[in-house]
Amino acid sequence: MSKVIDGKAFAESVRQDVAKQVAWLKDEHDITPGLAVVLVGEDPASQVYVRNKGIQTKAAGMNSYEHKLDTSVTEDELLALINTLNNDSSVHGILVQLPLPSHIEESAVIDAIDYRKDVDGFHLTNVGLLNTGGDGVVPCTPLGCIMMLKDRLGDLSGKNAVVVGRSNIVGKPMAALLLKESCTVTIAHSRTQDLPAVCREADILVAAVGRPEMVPGDWVKPGATVIDVGINRIERDGKTKLVGDVDYASCEAVASAITPVPGGVGPMTIACLLHNTLQQAARLHGVTLPE
Ligand code: GUN
């Protein structure tokens, strides 16, 4: 088996499964899942993500609604839009693209979304459900990572997992998911003492810090599985290049499995967003999806 975990191929199979279930939901229950994506401002990376989300949502047979707002929109105006979407029965998923401009409080906006339509898993109720073993929505990027880990390693119980990074979007929910799988979990961050030694203990090493090529191969235990969440744009040899948070060549040499950048975690994130939207649509209508 190749060391490389092919996130692109895995994401394609997740999207195909979602599309099949969307077709079933339409045929059997006359329900077409709808995802509303809200983008505030002109951040180029966010515009690319939002466009890709729209394309893939439609390709899976779901409805896509895009709301593009000027950077100057007030928090109250944004909250009014969220309220409208909460009450719109054709909308089953609501995603507000982050980051938001600094005059808008992100947590107020996220928590205004009906948690049953939260497809990011960022609402406090879903965060609480994830951390108490409940059945809530799981954030897309960590969900994609855990799917790839389980696919590659099978049972994860008892493994030492180290997550480098403590963001609300990736680090913390990733750690919660690994704990749910009965791993022994360490969350490392910028204040961690002797980070290389902590990483060398990991059977599963997840890098989610947003620093290009920060983790070298000699921080990786031989035979470990490395999940690289970073997507960093750097200039090298006069060209723009995408690199992860791990130094791929040196880590690949010692790991037993590794996700590449691009083509690893990235494609899984949008596939999991489609998965979450489908799940929320079914849940809102009280429908149990076929296996
Ligand atoms: N910005 C970067 N990643 C994400 C994500 O997963 N969801 C949202 N809403 N915004 C993001």
Side-chain angles (χ1 to χ4, degrees), residues 7 11 14 34-57 64-69 71 73 75 78-79 81-82 85-86 91-102 104-127 130 136-148 163 165-177 206-211 227-233 242 244-245 261-262 264-277 279-280:
V14 172
L35 173 64
V37 175
V38 181
L39 173 63
V40 180
E42 316 259 310
D43 176 60
S46 292
Q47 284 177 326
V48 173
Y49 286 133
V50 167
R51 193 174 338 118
N52 284 336
K53 284 170 190 168
I55 292 168
Q56 294 191 29
T57 302
S64 165
Y65 309 103
E66 280 180 20
H67 296 268
K68 295 190 174 162
L69 306 176
T71 319
V73 70
E75 188 172 306
L78 183 53
L79 291 174
L81 171 61
I82 302 289
L85 297 171
N86 281 342
V91 171
H92 305 92
I94 303 170
L95 180 145
V96 178
Q97 184 67 30
L98 302 179
L100 290 169
S102 56
I104 298 176
E105 204 189 320
E106 277 180 5
S107 62
V109 174
I110 289 166
D111 291 322
I113 297 171
D114 182 339
Y115 78 94
R116 294 165 307 169
K117 295 191 177 187
D118 166 30
V119 281
D120 266 325
F122 297 165
H123 189 285
L124 281 178
T125 300
N126 286 318
V127 175
L130 175 61
V137 165
V138 176
C140 304
T141 301
L143 178 59
C145 295
I146 210 86
M147 281 181 182
M148 291 191 286
V163 180
R166 54 173 155 179
S167 70
N168 291 335
I169 293 183
V170 183
K172 286 180 202 153
M174 187 73 231
L177 283 172
V206 181
V209 272
R211 290 223 202 150
I227 302 290
D228 190 351
V229 181
I231 301 178
N232 308 290
R233 232 167 270 276
L242 276 190
D245 289 350
V261 176
V265 174
M268 285 298 284
T269 296
I270 299 186
C272 288
L273 172 67
L274 304 180
H275 166 90
N276 282 351
T277 305
Q279 296 294 328
Q280 294 298 61

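Counting convention: from 1, in listed order, for ligands and their atoms alike. Worth saying up front: this structure is predicted, and the values here are computed from it rather than measured. Below, all heavy atoms of this structure are taken into account, side chains as well, without hydrogens, waters or symmetry copies.
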Distance filter under 4.0 Å, heavy atoms only, around ligand 1 gives L95, V96, Q97, L98, D120, F122
What closest approach, in Å, do [X] and [Y] show between heavy atoms, and which atom pair accounts for it?
{"X": "Q280", "Y": "K117", "answer": "NE2-N, 4.1 Å"}
{"X": "M147", "Y": "M268", "answer": "SD-CE, 3.8 Å"}
{"X": "V206", "Y": "M174", "answer": "CG1-CG, 4.0 Å"}

Measuring only between side-chain heavy atoms, which start at C-beta, is N126 closer than 4.5 Å to L130? no
Checklist entry - Any side-chain heavy atom of L98 sitting closer than 4.5 Å to one from F122? => result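 In contact.
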Exercise. Look at the side chain of Q97 and the backbone N and O of V37, then say whether any donor-acceptor pair between them is shorter than 3.5 Å.
Key: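 Judged by distance alone, no pair lies under 3.5 Å.
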